[in-house]
Each structure stands twice: as C-alpha cells, then as structure tokens.
Amino acid sequence: MSEVNKTIQKWHTSFKKGTDFDSWGQLVEAVDEYHILARQLQKEVQSTNAFDFTEEQKKTLGKIATCLEMRSASLQCTQSKEDFKLEELKKLETIIQNILTYNKEFPFDVQPVPLRKILAPGEEESLELEEEEEDAAAGAGSTEAFPPRAPGTLLPRLPSEPGLTLLTLKIEKIGLKDAGQCIDPYITISIKDLNGVDVNPVQDTPVASRKEDTYIHFSVEVEIQRHVEKLPKGAAIFFEFKHYKPKKRFTSTKCFAFMEMDEIKPGPIVIELYKKPTDFKRKKLQLLTKKQLYLHLHQTIHKDS
C-alpha cells in the first residue's frame with residue numbers, strides 16, 4: 001500500500017472513531033478526535049509536496065476540516081449558529097475514503113478553515129504553546145462573538161450506603177494572573193488511578209459565574225461518583241482548567257491541579273496549579289507559576305453510620 005493510501009486509511013479510521021464516539025454520546029472524546037483529524041487534514045492542505053494531492057483535493061480536505069470544526073462547535077455549544085448534525089458529517093466518510101477519485105461538488109457550502117501553523121507528528125498540544133504571547137498581545141480579551149458553552153455535565157450525589165463515605169467538592173475559585181482574559185472558563189473533574197486510567201465518570205462544571213481581579217469564581221459542587229473507601233489506592237482527583245480560544249476555534253487546557261486520597265478531609269483546601277499538558281501519572285510536574293495562585297476547594301464528607 002502506498003504512503004498516500006496509508007494516510008487516507010488513517011484519516012478514515014480517525015473519522016470513524018470520532019463519529020462512533022459521537023453516536024455513543026461520548027462527546028468530549030468525539031470533539032478531541034475531530035480536532036486531531038481536522039489538524040491532520042490542515043497539515044496536508046499546507047503541505048508543499050506536490051505528488052500527494054492536487055490543489056482541488058486539498059481544497060476538499062480543507063472543507064472536511066471545516067465540517068469537523070463545525071460539528072465540534074455544535075457539540076460544545078447549546079446555541080451554536082453552526083448546528084452541524086452527525087448525520088450530515090457522516091456523509092463525508094465516503095469522500096475521505098475516495099479523496100483521490102472524488103470529483104463531485106462538495107455537499108455543503110463551507111469554506112476551508114483558515115491556515116494554521118504546521119505541526120510535527122504528535123505535537124497537537126503545541127497549538128497552545130503560543131498562548132501566553134497571544135493573550136498578552138490581545139490585551140483584555142477578544143471582542144469576537146462566540147456561542148456559549150453547554151451548561152456542564154455534573155452528576156447527582158450517589159445513594160448513601162451504611163458505613164461508607166461520599167465526598168462533595170465545592171470548587172470555589174481559581175487564581176490566575178490573566179483571569180479576566182479567559183473566555184468561557186470551566187473545569188473538568190476526573191479521578192485517575194496510578195496509571196492515569198479513569199476510575200469514575202468525567203464531569204465538567206458549567207462556565208464560571210464571575211471573574212474578579214486574579215480570580216475566576218465557580219461556586220459549584222461536584223459529587224464524587226464513588227464511595228471514598230472504594231477508590232483505588234494511589235488514585236487522585238484531577239481538575240483541568242479549560243477555556244475557549246477563538247483564534248484557534250477550540251477549547252484549550254490552561255493548567256491543572258490534583259488532590260490525593262490522603263488529602264480528603266472536611267473543610268477548605270488550597271491546591272497548587274501545574275503546567276499543561278495534564279500529567280495523569282504525576283511523573284513530571286511543573287508548577288504553573290511562583291505566584292501565590294491556587295485552586296480553592298471546600299470538602300464535605302457524608303457518612304451514613
């Protein structure tokens with residue numbers, strides 16, 4: 001099989017993976033897969049290798065990338081103007097598979113997404129590396145209009161069981177030097193074992209209620225979806241702070257924090273913030289800043305004796 005055909009097959013596998021996640025309701029995973037594929041297609045559109053794809057085929061690949069971005073926007077926003085349905089996206093599967101021979105009109109009236117910086121393989125995260133400089137240059141936020149995010153995916157408290165403990169974490173606020181510039185900020189909460197594998201459903205908070213000086217206030221309660229006694233040894237609760245990047249049209253993780261099992265006790269707790277990418281195995285941690293900026297939580301223990 002030629003390299004071009006291998007590439008097309010890889011794209012098709014990624015597309016199918018994303019639409020499968022989408023149809024199963026695993027929306028976070030679907031959005032991630034769509035973003036990765038869109039960036040791979042964009043890289044090909046910008047390639048100067050004339051032997052792989054014609055200019056017309058590259059234009060089609062760019063339009064497919066646009067549709068992937070539009071579907072991602074639909075999944076992330078309840079009132080998106082770009083309401084692009086899964087059934088519509090699935091029409092593009094045969095175009096990807098047959099990109100070398102496809103000569104019909106593209107089924108949707110879209111334009112290729114604007115060109116982005118070309119990434120080396122496996123460097124999807126580097127899209128975010130220029131964030132600090134961009135945010136500084138942008139000043140106090142963007143005036144560009146964008147649709148609001150979905151209202152979070154927080155789950156209700158589990159039923160109590162005699163002798164077992166449930167934990168409620170109230171996320172009060174997070175301190176960031178550029179708090180006022182963060183668009184649609186929210187926090188993803190997950191529990192990972194020592195290998196970084198999920199042991200609980202992942203939850204997203206709604207968008208933060210207000211910003212004030214160097215703080216973003218959430219004031220939301222998160223119900224941990226497993227009795228404390230049933231959490232695996234060495235597990236940790238992770239908090240990933242995310243915000244929307246209008247220039248890149250995707251949601252970015254800015255930093256993360258975590259608390260370990262021996263830190264579970266009633267009352268307030270302040271935990272440190274670390275640089276992305278999120279290190280679920282807790283092997284190479286780098287503090288986000290030397291400034292006194294933290295994630296502020298309050299823990300409530302529920303025990304049915």
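When reading the values below, keep in mind they use all heavy atoms of this one structure, side chains included, and skip hydrogens, waters and symmetry mates.
- Atom CG of Asn200 and atom CD1 of Ile237 lie 8.5 Å apart (nearest 0.5 Å).
- Alongside Phe256, the hydrophobic cluster contains Phe238, Phe258, Tyr274, Phe280, Leu285, Leu287 (criterion: ILVMFWY side chains under 4.5 Å).
- Checking side-chain atoms of Glu33 against main-chain N and O of Phe15 turns up no donor-acceptor pair under 3.5 Å.
- Of all the heavy atoms in His298 and Pro268, the pair that sits closest is CD2-N, 3.6 Å.
- Side-chain contact annotation: His217 with Glu172, donor-acceptor N/O pair under 3.5 Å absent.
- Between Phe53 and Trp11, the distance separating the two ring centers is shorter than 6.0 angstrom.
- Of all heavy-atom pairs between Leu41 and Ala65, the closest is CD1-N, 4.0 Å.
- Judged by distance alone, the side chain of Gln203 and the main-chain N or O of Gln225 form no donor-acceptor pair under 3.5 Å.
- Interatomic distance, Ile224 CD1 to Leu158 CG, rounded to the nearest 0.5 Å: 9.5 Å.
- Between His243 and Tyr186, the distance from one ring center to the other does not fall under 6.0 angstrom.
- Minimum interatomic distance between Leu154 and Pro206 (heavy atoms only, all atoms of both residues): CD1-CD, 3.9 Å.
- Between Thr214 and Leu293, the closest side-chain pair of non-hydrogen atoms falls below 4.5 Å.
- Side-chain atoms of Asn5 and Ser2 form a donor-acceptor pair, as typed in the model, at a separation below 3.5 Å.
- Put simply, the side chain of Pro107 reaches to within 4.5 Å of the side chain of Ile95, judged on heavy atoms.
- Across Ile216 and Pro185, no two heavy atoms sit closer than the pair CG2-CG, 4.0 Å.
- In the hydrophobic clustering (ILVMFWY side chains linked at under 4.5 Å, chained through shared members), Phe21 is joined by Trp24.
- Linking ILVMFWY side-chain heavy atoms closer than 4.5 Å, directly or via other members, places Met259 and Val199 in a single hydrophobic cluster.
- To the nearest 0.5 Å, atom CG of residue Leu92 and atom CG of residue Leu61 are 11.0 Å apart.
- With respect to Glu212 and Lys173, no salt bridge is recorded, no charged nitrogen being found less than 4.0 Å from a carboxylate O.
- One N or O on the side chain of Asp279 and one on the backbone of Lys284 form a donor-acceptor pair closer than 3.5 Å.
- Between the OG atom in Ser72 and the CG atom in Leu27 there is a gap of 10.5 Å [rounded to 0.5 Å].
- A distance-only check finds a donor-acceptor pair linking the side chain of Asn98 to the backbone of Thr94 [under 3.5 Å].
- Under the 4.5 Å side-chain criterion, counting only non-hydrogen atoms from C-beta, Glu260 is in contact with Arg282.
- Judged purely by atom type and a 3.5 angstrom limit, Ser14 has no side-chain atom pairing as donor or acceptor with the backbone of Lys10.
- The two residues Lys85 and Arg71 have their closest heavy-atom pair at CA-NH1, 3.7 Å.
- Put simply, Ile269 and Ile189 are part of the same group of oily side chains (I, L, V, M, F, W, Y) that touch within less than 4.5 Å, one to the next.
- A pairwise comparison of heavy atoms in Pro159 and His227 identifies O-NE2, 3.4 Å as the closest pair.
- Side-chain N or O atoms of Gln181 include none that pairs as donor or acceptor with a backbone N or O of Asp178 at under 3.5 Å.
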>> Test side-chain contact (heavy atoms from CB on, under 4.5 Å) on Cys255 and Leu176; report intermediate values, then the result.
In response: CA-CA 10 Å; Cys255 59; Leu176 294 166; 4.0 Å; yes
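- With Lys242 as the fixed residue, the side chain to side chain donor-acceptor pair (under 3.5 Å) test singles out one of Thr188, Thr253, Thr251: Thr188.
- With values rounded to the nearest 0.5 angstrom, Leu68 atom CG is found 10.5 Å from Gln42 atom CD.
- By the 4.0 Å N-to-carboxylate-O rule, Lys91 lies too far from Glu88 to be salt-bridged with it.
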>> Determine whether Glu69 and His35 satisfy the following criterion, side-chain contact (heavy atoms from CB on, under 4.5 Å), listing intermediate values before the conclusion.
In response: CA-CA 7 Å; Glu69 299 276 20; His35 281 321; 3.4 Å; yes
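- When the side chains of ILVMFWY residues are joined at heavy-atom separations under 4.5 Å, either directly or via intervening members, Val202 and Ile171 end up in two distinct hydrophobic clusters.
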> Run the salt bridge (charged side-chain N to carboxylate O under 4.0 Å, His left out) check on Lys170 and Glu221 step by step: do they pass?
Replying inline: CA-CA 4 Å; Lys170 184 175 185 181; Glu221 292 189 341; 5.5 Å; no
> Would Thr19 and Leu86 satisfy side-chain contact (heavy atoms from CB on, under 4.5 Å), going step by step from the backbone distance to the final call?
Replying inline: CA-CA 7 Å; Thr19 54; Leu86 176 59; 4.0 Å; yes
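- Residues Val220 and Leu297 share a hydrophobic cluster, clusters being chains of Ile/Leu/Val/Met/Phe/Trp/Tyr side chains in contact below 4.5 Å.
- Considering only heavy atoms from C-beta on, His296 stays 4.5 Å or farther from Ile174 through its side chain.
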> So Ile96 and Ile99, side-chain contact (heavy atoms from CB on, under 4.5 Å) or not? Walk me through it.
Replying inline: CA-CA 5 Å; Ile96 292 177; Ile99 187 67; 5.9 Å; no
All N/O donor-acceptor pairs, side-chain side in residues 162-169, below 3.5 Å, sequence neighbours left out:
{"residue": "Thr165", "atom": "OG1", "partner": "Glu229", "partner atom": "OE2", "Å": "2.6"}
{"residue": "Thr168", "atom": "OG1", "partner": "Glu223", "partner atom": "OE1", "Å": "2.7"}
{"residue": "Thr168", "atom": "OG1", "partner": "Glu223", "partner atom": "OE2", "Å": "3.4"}
{"residue": "Thr168", "atom": "OG1", "partner": "His302", "partner atom": "NE2", "Å": "2.6"}

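- Tyr294 belongs to a hydrophobic cluster whose remaining members, ordered by chain and number, are Val270; membership requires side-chain heavy atoms of ILVMFWY residues under 4.5 Å apart, directly or through intermediates.
- Looking at Thr205, its side chain does come within 3.5 Å of a backbone N or O of Ile187 through a donor-acceptor pair.
- Here the straight-line distance linking atom CD of Glu29 with atom CG of Leu75 works out to 11.5 Å at 0.5 Å rounding.
- Val28 and Ile36 fall into different hydrophobic clusters, where Ile, Leu, Val, Met, Phe, Trp and Tyr residues are linked whenever their side-chain heavy atoms come under 4.5 Å apart, directly or through other members.
- By the side-chain contact (heavy atoms from CB on, under 4.5 Å) test, Val110 is found to be paired with Lys63, Thr66, Cys67, Met70, Phe106, Phe108, residues two or more places apart in sequence or in another chain being considered.
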> Can Glu161 and Lys303 be said to form a salt bridge (charged side-chain N to carboxylate O under 4.0 Å, His left out), step by step?
Replying inline: CA-CA 8 Å; Glu161 288 187 28; Lys303 189 153 187 174; over 6 Å; no
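- For the side-chain contact (heavy atoms from CB on, under 4.5 Å) test, residues two or more places apart in sequence or in another chain that qualify with Asn195 are Asp193, Val197.
- Annotation: Lys211, atom NZ; neighbour count of heavy atoms from other residues, nucleotides and ligands within 6.0 Å is above 12.
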